[in-house]
Amino acid sequence: MKTKVLLIAGARPNYMKIAPIFWAFRRAARNALDMEIVHTGQHYDRSLSDDFFRDLELPEPTVNLGVGSGSHAEQTANVMVRFERVIDDKRPDVVVVVGDVNSTAACALVTAKSQYDGGARPLLVHVEAGLRSRDRTMPEEVNRIVTDALSDVCFTTCRDADANLLAEGVPAERIRFVGNPMIDSLRRCLTRAQGVNLLPELGLEPHGFGLCTLHRPVNVDRRESLGEILDTLGAIAADTPVLLPLHPRTRQRVEAFGLGDRLLTLPRPSSGRPARGLLAIEPLSYFEMLQAMQHARFVLTDSGGIQEETTALGIPCVTLRENTERPITIVEGTNVLAGTTRRGILDGLAEACRKASSSARVPELWDGRAGERIVAVLRTLECGARPSAPAYPTADLAVAAAGGER
Ligand code: UD1
């Protein structure tokens, strides 16, 4: 019997993390796995979901829970109630969750508490485990802590994540450093991303513009902080145009706070090259984002994933936050933690440009093969949580996590 694996995706940053796992599963010749994608529907706009599935050549999810937006409790609870039914119906052996969004923690909780007749339950596997910002006011940090504490296998993207897990008492045999699956997606899609029309449509020259993304509640949910950030971006954009694809949350806040006059709304195609200004457009597709990142002179962001993607591309990155769960992008890569004051951002920009042209390097195992390594371990988890079988004994996990055969 094949090992039945459910791969969970909920929100935009999840798709490029599940894709390499699905590709590696599809490539395997004699497959011991049976893998399905479950979408929780946390993100539902076409531009935040369907377009990414298309670009990443992922099949339609077999289930879409359609949870949509809501408060944290509502969103998490809705995923839990609906995902519990999926577990009952599909009886998977393994549930793979990625990243740190509400859907990740919700599915982790359900998996860890589920129980088939006979006492077995599916194994819980967390991809991108062990990242810590040490800021528990961030919902993502709470999601990471909960998910890692419950996971049977923790796949990590960097060695400092291993150290974080060990310090929290996660047994070493549950931790497996496999590299960064998001960089698998980036490397595979970069060439095709050059074929999209974004820069010509907007009249932007390679290396003649900056790129900014902004969506963290701490930055966009208060008028004062959003206003200050937009003013600083405006000052930077007085020299070099800055492209700002607007996340729906940010667009809503800009409108609600009456800050629309800070932005230049750009039609596509635009009628001429904008020499300067903060250029707001709708969210970009994955390929468009890759093209924009690769050709940007610099990137300013409060996203987690973009800190890693810019490090892999060697593009200067200024992180508009007080902390990061991805310190490796600062220690080894092109990232600078700048906070959100005008002085901090301007100094950060100068420092990031200096780093990118001198000391930065791509971290260990960000080599495009993390998905393969993950699937290799999943294949060793063959036996086990059949409906009436006993739960995985720890010894089996130790062998699996070491990449060995049973
Ligand atoms: C979520 C993740 C965050 C991730 C981000 C990437 C959590 C806690 N947060 O934040 O880690 O970096 O996604 O995008 O899981 N909305 C739409 N259309 C959509 C989705 C959302 O219009 O398809 C609007 C809704 O009004 C919603 C708001 O955006 O209230 C925020 O969406 P939500 O999923 O709650 O959080 P994000 O800010 O997207």
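Order of appearance sets the numbers: ligands from 1, and atoms from 1 within every ligand.
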Quick test of your reading of the model: are [X] and [Y] salt-bridged, counting only N-O distances below 4.0 Å?
X	Y	answer
Glu228	Arg222	no
Lys4	Asp93	no
Asp51	Arg46	yes
Asp367	Arg373	yes
Glu140	Arg136	no

Query raised in the report: Parallel, tilted or perpendicular: which describes the rings of His43 and His247, with under 30° parallel and over 60° perpendicular?
Result: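 Rings of His43 and His247: perpendicular, as their planes differ by over 60°.
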Among protein heavy atoms, which sits nearest to [atom], and what does the distance come to when rounded to 0.1 Å?
atom	result
atom 25 (C) of ligand 1	Ser69 OG, 3.2 Å
atom 32 (O) of ligand 1	His43 NE2, 4.3 Å
atom 22 (O) of ligand 1	Pro248 CB, 3.2 Å
atom 16 (N) of ligand 1	Tyr44 OH, 3.5 Å
atom 11 (O) of ligand 1	Glu140 OE2, 2.7 Å
atom 2 (C) of ligand 1	Val101 CG1, 3.7 Å
atom 5 (C) of ligand 1	His215 NE2, 3.6 Å
atom 8 (C) of ligand 1	Asn102 OD1, 3.3 Å

Requested in this report: Please list, chain by chain and in numerical order, all residues satisfying salt bridge (Lys or Arg N to Asp or Glu O under 4.0 Å) with Arg132, sequence neighbours excluded.
Outcome: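 Partners of Arg132 under the salt bridge (Lys or Arg N to Asp or Glu O under 4.0 Å) test: Asp148, Glu168.
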[X] neighbourhood, listing ligand 1 atoms whose heavy-atom distance to it stays under 4.0 Å:
X	result
Gln75	34 (O), 35 (O)
Arg12	14 (O)
His72	8 (C)

Which bit of [X] gets closer than 4.0 Å to ligand 1, counting heavy atoms only: side chain, backbone, both or neither?
X	answer
Pro13	side chain
Arg249	both
Leu48	side chain

Query raised in the report: Between the side chains of Asp45 and Ser47, does any donor sit under 3.5 Å from an acceptor?
Result: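 No, no side-chain donor-acceptor pair sits under 3.5 Å.
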Query raised in the report: What do you reckon, are the aromatic ring centroids of Tyr44 and His39 less than 6.0 Å apart?
Result: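 For Tyr44 and His39, the ring centres are not under 6.0 Å apart.
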Report task. Say whether Asn143, considering both its backbone and side-chain N or O atoms, lies within less than 3.5 Å of an N or O atom on ligand 1. Result ->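 Asn143 vs ligand 1: no N/O contact under 3.5 Å.
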**Report entry** Check: Thr156 side chain, Gly130 main-chain N or O, donor-acceptor pair, under 3.5 Å
**Finding:**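 Here the side-chain-to-backbone pair does not exist.
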